[in-house]
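Atoms within each ligand, like the ligands themselves, are counted from 1 in listed order.
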Amino acid sequence: MAGISHAIRACATASRRSLSAASAAALPKEAAAAEVRAAAAATGRKWREREDGRRVQWVFLGCPGVGKGTYASRLSQLLDVPHIATGDLVREALASPGPFSKQVTSWLAEIVNHGKLVSDEIIINLLSRRLEEGEEKGELGFILDGFPRTIRQAEILEGVTDIDLVINLKLQEEALLAKCLGRRMCSQCGGNFNVASIDIEGENGGPRMCMPPLLPPPQCESKLITRADDTEEVVKERLRVYHDLSEPVEEFYKARGKLLEFNLPGGIPESWPKLLQALNIEDPDNERSAAA
Ligand SMILES: Nc1ncnc2c1ncn2[C@@H]1O[C@H](COP(=O)(O)OP(=O)(O)O)[C@@H](O)[C@H]1O
């Protein structure tokens, strides 16, 4: 993985011509869903077995509120790779005195709080820094969440490293909005919770979608905060931006046979084992109970 952070920075500053040359090097091919599932299964099985010592390099795609952070973070613990969320990097940059000037920071906050995308250059800058720190610590893979979010970002990433698998989480729009509006974080322990209780009709005759709230423990109750961009107006704008700029990224990876579509069947207890099954990863809890 060494050198990705430098390469990604160099690639981002390169001309658009060389970016398209980099993407032309990839061989776009349509892959049947079954083929992708098989590839995902193979990746899941082999994540510890790679001869070059590298671990998984996965990407999570999906609309705001779908649960990318939740599932990416769980998988990162299981696969022993960092979960790198560009939204977190942006929020950290906004909350700390560095790395940008006061003027850039308030301009950045304005963009984020209105649900718009930050410039590719700023995101690449933050991501390269994070990857550099990881390289220094000896990190051997990653699960990216929130990047790439535009075709240009996907081309830059493709120009510098191989992505093994892209997991596209899906949930109907009504649930996405409710989940974003119900999202809470404890300002002290950093725990993530959700006060929304979702019980909606399935789309196109599909099964009912039920997600119970994920309530905080009593000690966190008085310390809950809401993200500034989790208001109804801004969430709707973020969904619009996703459909316009990020949905094409799904097609980009589908054409390369790397996209695994996963329709979330419900809350975490229902969805997590099914996701592990789709990835052909053993559930450690099952292993533990089997061993007991
Ligand atoms: N790859 C990216 N490109 C541009 N802007 C980004 C990117 N990742 C995060 N951001 C900015 O950070 C905000 C929060 O990101 P994130 O937490 O991933 O939100 P969401 O819940 O909408 O998926 C985005 O609305 C955007 O302003």
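For the pair Tyr242 (side chain) and Gly62 (backbone), a donor-acceptor distance under 3.5 Å is present. With Arg149 contributing its side chain and Gly146 its backbone, the two residues share a donor-acceptor pair below 3.5 Å. Distance alone, capped at 3.5 Å, places no donor-acceptor pair between the Glu270 side chain and the Met211 backbone. In terms of modelled atom types and a separation under 3.5 Å, the side chain of Lys68 and the main chain of Asp145 share no donor-acceptor contact. Not a single donor-acceptor pair under 3.5 Å links the side chain of Ser197 to the backbone N or O of Pro213. The main-chain N or O of Gln103 is found under 3.5 Å from a side-chain atom of Ser106 such that the two form a donor-acceptor pair.
Residue, atom and distance of the protein heavy atom nearest to atom 4 (C) of ligand 1 are Val118 O, 3.2 Å. From the protein, the heavy atom lying nearest to atom 1 (N) of ligand 1 is Gly146 O, 2.8 Å. Closest protein heavy atom to atom 14 (C) of ligand 1: Arg91 NH1, 3.6 Å. Nearest protein neighbour of atom 15 (O) of ligand 1, counting heavy atoms only, is Gly87 CA, 3.4 Å. Scanning the protein for heavy atoms near atom 27 (O) of ligand 1, the closest one is Lys116 O, 2.6 Å. The shortest contact between atom 8 (N) of ligand 1 and any protein heavy atom is with Thr86 OG1, 2.8 Å. Val112 CG1, 4.0 Å is the protein heavy atom nearest to atom 13 (C) of ligand 1.
Summarising the local packing, CD of Glu174 is surrounded by 12 or fewer heavy atoms from other residues, nucleotides or ligands at distances under 6.0 Å.
Defined by atom type and a distance below 3.5 Å, a donor-acceptor pair is missing between the side-chain atoms of Asp164 and Gln57. Glu233 and His114 are not linked by any side-chain donor-acceptor pair at a separation below 3.5 angstrom, with hydrogens and angles left out of the test.
At a 3.5 angstrom cut-off on N or O pairs, Asp229 does not count as close to ligand 1. Polar contact check, Cys63 against ligand 1: no nitrogen or oxygen pair lies under 3.5 Å apart. Checked against a 3.5 angstrom limit, the closest N/O atoms of Arg238 and ligand 1 fall inside it.
Between the choices Lys179, Arg149, Gln153, the shortest heavy-atom distance to atom 24 (C) of ligand 1 belongs to Arg149.
At a heavy-atom distance under 4.0 Å, no atom of His114 approaches ligand 1. When non-hydrogen atoms are compared, ligand 1 lies under 4.0 Å from the side chain of Ile123 (C-beta onward) but not from its backbone.
Residues Glu158 and Lys258 are not paired through a salt bridge, judged by the lack of any N-O separation under 4.0 Å between the basic side chain and the carboxylate.
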Which atom pairs, donor and acceptor, lie under 3.5 Å between side-chain atoms of residues 176-189 and protein residues at least two apart or in another chain?
residue, atom, partner, partner atom, Å
Lys179, NZ, Gly65, O, 3.0
Lys179, NZ, Val66, O, 3.4
Arg183, NE, Asp230, OD2, 3.0
Arg183, NH2, Asp230, OD1, 3.2
Arg184, NH1, Leu181, O, 3.0
Ser187, OG, Lys223, O, 2.9
Gln188, OE1, Lys223, NZ, 3.3

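Near Leu117, the atoms of ligand 1 lying under 4.0 angstrom from a non-hydrogen atom of the residue are 4 (C), 5 (N). Each of the atoms 1 (N) of ligand 1 lies under 4.0 Å from some heavy atom of Phe147. Residue Lys68 has at least one heavy-atom neighbour below 4.0 Å for each of these atoms of ligand 1: 23 (O). Here is the list of ligand 1 atoms found below 4.0 Å of a heavy atom in Arg183: 21 (O).
Using a non-hydrogen distance threshold of 4.0 Å, Glu237 does not register as a contact of ligand 1.
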